[in-house]
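Start at 1 and go down the list; that is how both ligands and their atoms are numbered.
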Amino acid sequence: MDLPTAPGLPVAPSPYPHLLRPLDLGFTQLRNRVLMGSMHTGLEEGRDLSRLAAFFRERAEGGAGLMVTGGFSPNLVGQLKPFAGTMATSAAARRHQVVTRAVHEAGGKIALQILHAGRYAYHPLAVAPSRLRAPISPFKPLPLSAAGVERQIRAFVNAACKAREGGYDGVEIMGSEGYFINEFLSAATNQRSDAWGGDYSQRMRLPVEIVERTRAAVGPDFILIFRLSMIDLVPGGSSWDETVQLGTAVARGGASLINTGIGWHEARVPTIATSVPRAAFTWVTQKMKAAFSAAGLATPLITSNRINTPEVAEQVLADGCADMVSMARPLLADAHFVRKAAAGRAADIAPCIACNQACLDHIFQNQLASCLVNPRACHETLPEMTPRPAAQPRRIAVVGAGPAGLTAAAVAAERGHQVDLFDAASQPGGQLQLARQVPGKEEFDGLLHWLARRLETSGARLQLNRRVTPDDLAGYDAVVVATGVRPRDPQIPGQDHPKVLSYIDVLHGHPVGQRVAVVGAGGIGFDVAEYLVAGGHSSTLDRAAWLAEWGVTDPTQARGGLAPQGPQPGAPARQVTLLQRKPGKPGAGLGKTTGWIHRAALKMKQVRMIGGVNYERIGDEGLLITHGPKREDPTWIACDHIVLCAGQLPQRELADALQARGMAVHIIGGAREAGELDAKRAIDEAWRLAVML
Ligand code: FAD
Ligand code: NAP
Ligand code: SF4
């Protein structure tokens, strides 16, 4: 049945007919097939939820069919960390009304996720089926008594009732990712011998009871999503038969929708990072769809993970992999994802590049989440993050069309200023032009296209091949210098040898020999090493190769979907040695949630990683290093090329010259400070400046 769409969304013809088709749940209808998946932002904590309300209001206005909040614990022991958001009382329900009212006023629907952390809880009150510490937590959980299990079930049911009281349209019961419910399912984490342990039919009693009792308590007209771990990706995970058994039981037990969970948090397989192929796991949901169909079940299934464009989402649905798609980070990147897709403006959607840099990495460091491409995300109520029309249009020059310059120019022009953006290069993008060459970083290409398109539609004028000097900038009301960085010279004796290349040469395609030493193991050193061992093949663009590389197989073939033979990486294209002067393991400073993936990927490709070295000399033999402060154990690293990735310094000549003339300039991005620079900081600084120019 075709239902009326929300105001502003066209009825027909639809550019994405499967994605934009309403979904009839019987007692209610969803306006399209986009679920904004649960994502913790940090706005869930505290008593005042008005910022969370503003966050969801924008996304409801942006057209999402149904949204799910970050996880709220049903009780104290289930909190992920102390003081985490909890939904257990009528007072809590009342506090949430500001959120649900905002969403409903904007024509949206929202469900509250009930998340019991189990042994992943980061506090000493953690409880679990058995006294087994998770490899990713320092806290050993208390094993629950039978009465304790009963209390947890009642807490889930109570949380769902309170969510309804608070005005939510439904709840999502978090049954995947290795949290409490998942821990009951696996024999590896559930060693009980009572009615909640033993064989699978006993181990799955907990989720089935939770769903049945919740449905009975909330009534038939309340959305109940169950997040089912369809592929655990951990040793001892569920078999496919077990997963199907549970899926059918919770569907029959009253779930309105079944969402897909991929991998426990302790899994050693990346599941959402940028190097994971797009839609990498939709085939798993498709298998469940076939199993549901065979069982005569019509409960809609939601698929998830690395779906970030309307085209990919549409294809997944057109292929029959699922009935709905879940996208969480893409709606952080662009609140108006659905509305833009429906209006045929997909090219204007700010793309989530799956970097995790401003969302998950922030959360893991106890900071508020935001987004690399959309620094306003989670700051919707802050005037300093919200561009408004300029009171007085001015002539503004922006020098440097890297991410900082592109953002500053576009935001300033959108506000009504007359902006000229200059770059010495023949293409815009600055260092993003290098990042997009790295296998596994293909998403940076989309980011670059979007930044360039935004600039074009903003009305700013881009002038390429223009190396700007101070004389070019006379007559402007304001000058923004975003000239970025230049490579640091590590001053190694003999580095004028023809064997020596910079990362810029390499990523621009300079031929490189078979044996390579990489000097510097920061973000760029790691990327260059990945580029060199990949030899032109990116498994991110080859799903079958990627799954084999990380040891993922069909869950019908092996428990948890882990291939018995383990990861099967292809042979490295080159023999690479990655070096740093700091003692300790290279890569310690990489992204909080993605560093382990880079380290594991290079290890699989047999890259030698050595810390604590001194670079003594470069010669025909290669690179001479010694070890430690006493410069011991001199060793020649025999190699055909040495690639310098020794960090960067600000490109400040223009800014310095302008300041020497007494001109006021705004300096942003790498030009201001090269230490700890990344695209996140470059874009954030540019955004904040352009809002107040
Ligand atoms: P730049 O990107 O350096 O741009 C400066 C621009 O100014 C250049 O286009 C230059 O041509 C122009 N310019 C300089 N002088 C003049 C002049 N006088 N006149 C005209 N134009 C001039 N960051 C992340 O956040 N995540 C990543 O995963 C990531 N991966 C990376 C991988 C690689 C291989 C590299 C090299 C970088 C990566 N980065 C990443 C870093 C990120 O790209 C930079 O931090 C970011 O581009 C800096 O932005 P910027 O605008 O300050 O400077
Ligand atoms: P970086 O992360 O600061 O690493 C610089 C490397 O050079 C370090 O390994 C450093 O280690 C070494 N080094 C510093 N001074 C040296 C010297 N004088 N001689 C020899 N080696 C020296 O910088 P980067 O790798 O150039 O990356 C630039 C920025 O881009 C980073 O800030 C990073 O955040 C960003 N980036 C991010 C990603 C990502 O995935 N998020 C990827 C790529 C780049 P030692 O001093 O111990 O030798
Ligand atoms: Fe996506 Fe990166 Fe933004 Fe997170 S920070 S939403 S991963 S683009």
Side-chain angles (χ1 to χ4, degrees), residues 39 272-274 308 328-333 350-362 369-374 377 399-408 422-425 427-438 441 443-444 447 463-469 472 481-492 503-504 507 519-528 531 578-584 586-587 589-591 594-595 598 611-613 615 644-648 650-651 653-654 668-672 674-683 685-686:
M39 184 178 28
I272 59 165
T274 192
N308 66 340
R329 296 171 300 168
L331 275 82
L332 195 59
C352 167
I353 57 171
C355 63
N356 285 357
Q357 286 175 237
C359 50
L360 257 99
D361 284 355
H362 278 204
S370 188
C371 173
L372 179 144
V373 302
N374 173 20
V399 186
L406 283 164
T407 304
F422 304 95
D423 201 292
Q427 290 176 309
Q431 289 216 328
L432 295 182
Q433 290 286 359
L434 299 174
R436 66 194 269 268
Q437 307 299 333
V438 178
K441 286 202 162 174
E443 293 289 356
F444 280 80
L447 171 60
Q463 299 186 42
L464 295 169
N465 301 305
R466 278 286 305 272
R467 179 162 293 281
V468 171
T469 63
D472 300 320
V481 175
T483 46
V485 289
R486 60 188 160 79
R488 177 188 281 127
D489 176 358
Q491 302 190 333
I492 304 170
Y503 62 87
I504 299 173
L507 294 172
V519 168
I524 293 179
F526 265 77
D527 276 354
V528 164
Y531 174 91
L578 181 59
L579 302 148
Q580 71 176 23
R581 298 173 307 169
K582 278 184 287 295
L590 297 177
T594 50
H598 293 293
V613 305
Y615 307 113
L644 303 180
C645 306
Q648 319 188 52
Q651 186 84 269
E653 287 80 355
L654 180 66
I668 54 172
R672 190 183 68 75
E676 314 239 315
L677 170 72
D678 58 13
K680 179 184 77 172
R681 175 157 75 70
I683 291 175
E685 274 181 24

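For atom 24 (P) of ligand 2, the nearest non-hydrogen atom from the set Leu590, Leu644, Ile524 comes from Ile524. With atom 38 (C) of ligand 2 as the reference point, the heavy atom nearest to it among Gln357, Lys441, Gln431 is part of Lys441. Checking Lys680, Arg681, Arg581, Lys582 against atom 11 (O) of ligand 2, the nearest heavy atom belongs to Lys582. Of the options Gly522, Gly520, Cys355, the smallest heavy-atom separation from atom 1 (P) of ligand 2 is shown by Gly522.
The closest approach between a heavy atom of Tyr615 and any atom of ligand 2 is below 4.0 Å. Distances from ligand 2 to the non-hydrogen atoms of Gly591 include no value under 4.0 Å.
The shortest distance between side-chain heavy atoms of Asp527 and Lys441 falls below 4.5 Å. Here the side chains of Ile272 and Leu360 are in contact, with some heavy-atom distance below 4.5 Å. Contact check for Asp423 versus Pro428: no side-chain heavy atoms found under the 4.5 Å cut-off. The closest side-chain heavy-atom distance from Leu434 to Ile524 is not below 4.5 Å. With contacts defined as side-chain heavy-atom distances shorter than 4.5 Å, the pair Asp472/Phe422 does not qualify. You'll find the side chain of Tyr503 reaches within 4.5 Å of the side chain of Gln431, heavy atoms only. Counting heavy atoms from C-beta outward, Leu644 and Pro487 have side chains that stay 4.5 Å or more apart. In this structure, the side chains of Arg329 and Asn356 come closer than 4.5 Å at one or more pairs of heavy atoms.
Near Asp678, meaning under 4.0 Å from any of its heavy atoms, are these atoms of ligand 2: 34 (O). Under a 4.0 Å criterion applied to the non-hydrogen atoms of Ala354, ligand 3 contributes the atoms 1 (Fe), 7 (S). Those atoms of ligand 2 that come under 4.0 Å of a heavy atom in Asp527, given as number and element, are 42 (C), 43 (C). Less than 4.0 angstrom separates some heavy atom of Glu676 from each of these atoms of ligand 2: 32 (O).
To the nearest 0.5 angstrom, Cys371 atom SG is 8.5 Å from Ile683 atom CD1. The distance from the CZ atom of Arg581 to the CG atom of Leu579 is 11.5 Å, given to the nearest 0.5 Å. One distance of note links CD of Gln437 with CZ of Phe444; it measures 12.5 Å at 0.5 Å rounding.
Contacts of Ile492 with ligand 2, taken as heavy-atom pairs under 4.0 Å, are absent altogether.
Shortest contact from atom 6 (C) of ligand 2 to any protein heavy atom: Cys645 O, 3.6 Å. Ala521 N, 2.8 Å is the protein heavy atom nearest to atom 9 (O) of ligand 2. The single protein non-hydrogen atom nearest to atom 19 (N) of ligand 2 is Pro490 CB, 3.4 Å, given as residue, atom name and distance. Nearest protein heavy-atom neighbour of atom 14 (C) of ligand 2: Arg488 NH1, 3.1 Å. The shortest contact between atom 36 (N) of ligand 2 and any protein heavy atom is with Gly523 CA, 4.3 Å. In terms of protein heavy atoms, atom 28 (C) of ligand 2 is closest to Gln648 NE2, 2.9 Å. Of all protein heavy atoms, the one closest to atom 32 (O) of ligand 2 is Leu677 O, 2.7 Å. Annotation: atom 23 (O) of ligand 2 to nearest protein heavy atom, Gly647 CA, 3.9 Å.
Considering all non-hydrogen atoms of both residues, Cys355 and Thr594 come closest at O-CG2, 4.0 Å. A pairwise comparison of heavy atoms in Ala482 and Ala404 identifies CB-CB, 4.1 Å as the closest pair. Heavy-atom minimum distance, Arg681 versus Gly669: NH1-O, 3.7 Å. Residues Val373 and Ala333 share a closest heavy-atom pair of CG2-CB, 3.6 Å.
Between the side chain of Thr483 and the backbone N or O of Gly400, no donor-acceptor pair lies under 3.5 Å. Thr274 places a side-chain N or O within 3.5 Å of a backbone atom of Ile353 that can act as its donor or acceptor partner. A distance-only check finds a donor-acceptor pair linking the side chain of Arg488 to the backbone of Ala646 [under 3.5 Å].
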Going through the distances and angles, do Met39 and Leu332 end up as a side-chain contact (heavy atoms from CB on, under 4.5 Å)? CA-CA 9 Å; Met39 184 178 28; Leu332 195 59; 3.9 Å; yes
Report every pair formed by an N or O atom of ligand 1 and a protein N or O atom separated by less than 3.5 Å, giving atom names and the distance to 0.1 Å.
from: ligand 1; atom 1: 2 (O); to: Gln431; atom 2: N; distance (Å): 2.9
from: ligand 1; atom 1: 9 (O); to: Asp423; atom 2: OD1; distance (Å): 3.2
from: ligand 1; atom 1: 9 (O); to: Asp423; atom 2: OD2; distance (Å): 2.6
from: ligand 1; atom 1: 11 (O); to: Asp423; atom 2: OD1; distance (Å): 2.7
from: ligand 1; atom 1: 18 (N); to: Val468; atom 2: O; distance (Å): 3.4
from: ligand 1; atom 1: 19 (N); to: Val468; atom 2: N; distance (Å): 3.0
from: ligand 1; atom 1: 21 (N); to: Ala424; atom 2: N; distance (Å): 3.0
from: ligand 1; atom 1: 23 (N); to: Ala679; atom 2: N; distance (Å): 3.3
from: ligand 1; atom 1: 25 (O); to: Gln357; atom 2: OE1; distance (Å): 3.4
from: ligand 1; atom 1: 25 (O); to: Gln357; atom 2: NE2; distance (Å): 2.8
from: ligand 1; atom 1: 25 (O); to: Ala679; atom 2: N; distance (Å): 2.8
from: ligand 1; atom 1: 26 (N); to: Gln357; atom 2: OE1; distance (Å): 2.8
from: ligand 1; atom 1: 28 (O); to: Lys441; atom 2: NZ; distance (Å): 2.6
from: ligand 1; atom 1: 30 (N); to: Lys441; atom 2: NZ; distance (Å): 2.8
from: ligand 1; atom 1: 51 (O); to: Pro403; atom 2: N; distance (Å): 3.4
from: ligand 1; atom 1: 51 (O); to: Ala404; atom 2: N; distance (Å): 3.0
from: ligand 1; atom 1: 52 (O); to: Gly670; atom 2: N; distance (Å): 2.8

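Counting only protein N, O or S atoms, 1 lie closer than 2.8 Å to atom 3 (Fe) of ligand 3.
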